[in-house]
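Structure, as structure tokens:
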Amino acid sequence: MTLERKLHVAVLMGGWANERPVSLMSGEGVANALEGRGHKVTRIDMDRQVAARIAEAAPDVVFNALHGVPGEDGSVQGMLDLMGVPYTHSGLATSVVAIDKQLTKQALVPHGVPMPGGRIVKSADLHLRDPLPRPYVLKPVNEGSSVGVAIVTEDGNYGNPIAHDAKGPWQDFSELLAEPFIKGREMTAAVVDFEDGPRALAVTELKPKSGFYDFDAKYTDGMTDHICPAQIPANIEKLCLEIASKAHEVLGCRGTSRTDFRWDEEQGEDGLFVLETNTQPGMTPLSLVPEQAKHAGIEYGELCEMILASALRYHDQNTKAGDG
Ligand SMILES: Nc1ncnc2c1ncn2[C@@H]1O[C@H](COP(=O)(O)OP(=O)(O)O)[C@@H](O)[C@H]1O
Ligand SMILES: [Mg+2]
């Protein structure tokens, strides 16, 4: 697919989240690809003057290449709604829910999406007692890229109970989400909006060489093997694709989303759990969504245009005469 009209696209990137460096790479990749396809691109490294800068650029559409807060949590989406500027990816309400791993459970589990049971715990209480039987995972509700994820194991690498001076996310966040540790394999599935509706592209298995899929493993070249398509039984692959589509639909995602899974293969289909749905997944040319798109026969630049097209379709369908 190619967009017939050449557009002026403002690519929003950077910002001040922990994932700023990743967003700059996503944004640069998208900007280069769109220029390569004949569009006019204005690159905007987001700061507090972002609204004025978008207004001054007056683009046809904003490509949101931000990751984390405030580009992925509804804030930027609400600003763009008010400005009446079409933008890519999910809207305000979806972003608010999907950025929060606990709210995501509350939205998806009633629709039959399997997720580990979790509870919000006060960091200050972690030194007194374990909130769940070990092994369990502690993570902030609204970070990404494995920032602040701690795995608390049986043999207690943080002490038992967690030692007062142990280094971990409890030092930086007053509340954390505690979840049972799901052993097994790590997988992810992207959904992309086609003209006739959303479609799950493929399942990738992620095999970090260091044992844990942390920030470094995610972004250091060669530290994680991406196996696309994942070498898993056909029923598990089908289930992942269905669940990723279901999450996209229930959350009301737009453009693209990527749902992360853990699979304890000893338990077959019952061992498959969703960890989260990312509404602003990585978009560097080597990121997981572009990789799955390629597997599905969609080149990177085409993928960027499909995401733009979805934004314009949505805007056209939802802007009544007189709005703005
Ligand atoms: N309940 C869990 N069981 C096992 N591993 C987990 C669990 N929760 C998180 N992890 C590990 O931490 C990584 C990051 O967690 P995730 O929930 O996807 O958050 P984010 O990617 O936004 O940081 C996962 O890819 C996985 O390796
Ligand atoms: Mg994740």
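Indexing begins at 1, ligand by ligand and atom by atom, following the structure's order.
Residues passing the side chain to side chain donor-acceptor pair (under 3.5 Å) test with K139, sequence neighbours excluded: E179. Every residue was checked against the side chain to side chain donor-acceptor pair (under 3.5 Å) condition with H89, not counting sequence neighbours, and none meets it. Legend: residues meeting side chain to side chain donor-acceptor pair (under 3.5 Å) with T204, ordered by chain and number and at least two apart, are Q292.
Both the backbone and the side chain of I182 come within contact range of ligand 1, each with a heavy atom under 4.0 Å. Neither the backbone nor the side chain of K183 comes within contact range of ligand 1; no heavy atom lies under 4.0 Å.
Atoms of the protein (N, O or S only) found under 2.8 Å from the Mg ion (ligand 2) are D260 OD2, E276 OE2.
The heavy atom nearest to atom 19 (O) of ligand 1, out of those in K101, E179, R258, R262, is found in K101. Here the shortest heavy-atom distance to atom 21 (O) of ligand 1, taken over K139, E276, E186, belongs to E276.
Residue contact check: D260 has heavy atoms under 4.0 Å from atoms 18 (O) of ligand 1. Distances below 4.0 Å separate heavy atoms of E143 from the following atoms of ligand 1: 22 (O). Here is the list of ligand 1 atoms found below 4.0 Å of a heavy atom in P180: 1 (N), 2 (C), 3 (N).
At least one side-chain heavy atom of L308 sits less than 4.5 Å from a side-chain heavy atom of L34. For the pair E205 and K207, the minimum side-chain heavy-atom distance is below 4.5 Å.
In summary, R185 and E265 engage in a salt bridge, as defined by a charged side-chain N under 4.0 Å from a carboxylate O. In summary, D45 and R20 engage in a salt bridge, as defined by a charged side-chain N under 4.0 Å from a carboxylate O.
Ring geometry for H164 against H127 counts as parallel: the plane angle stays under 30°, on a 0 to 90° scale with 60° as the upper cut.
Here the side chain of R258 pairs no donor or acceptor atom with the backbone of A189 at under 3.5 angstrom.
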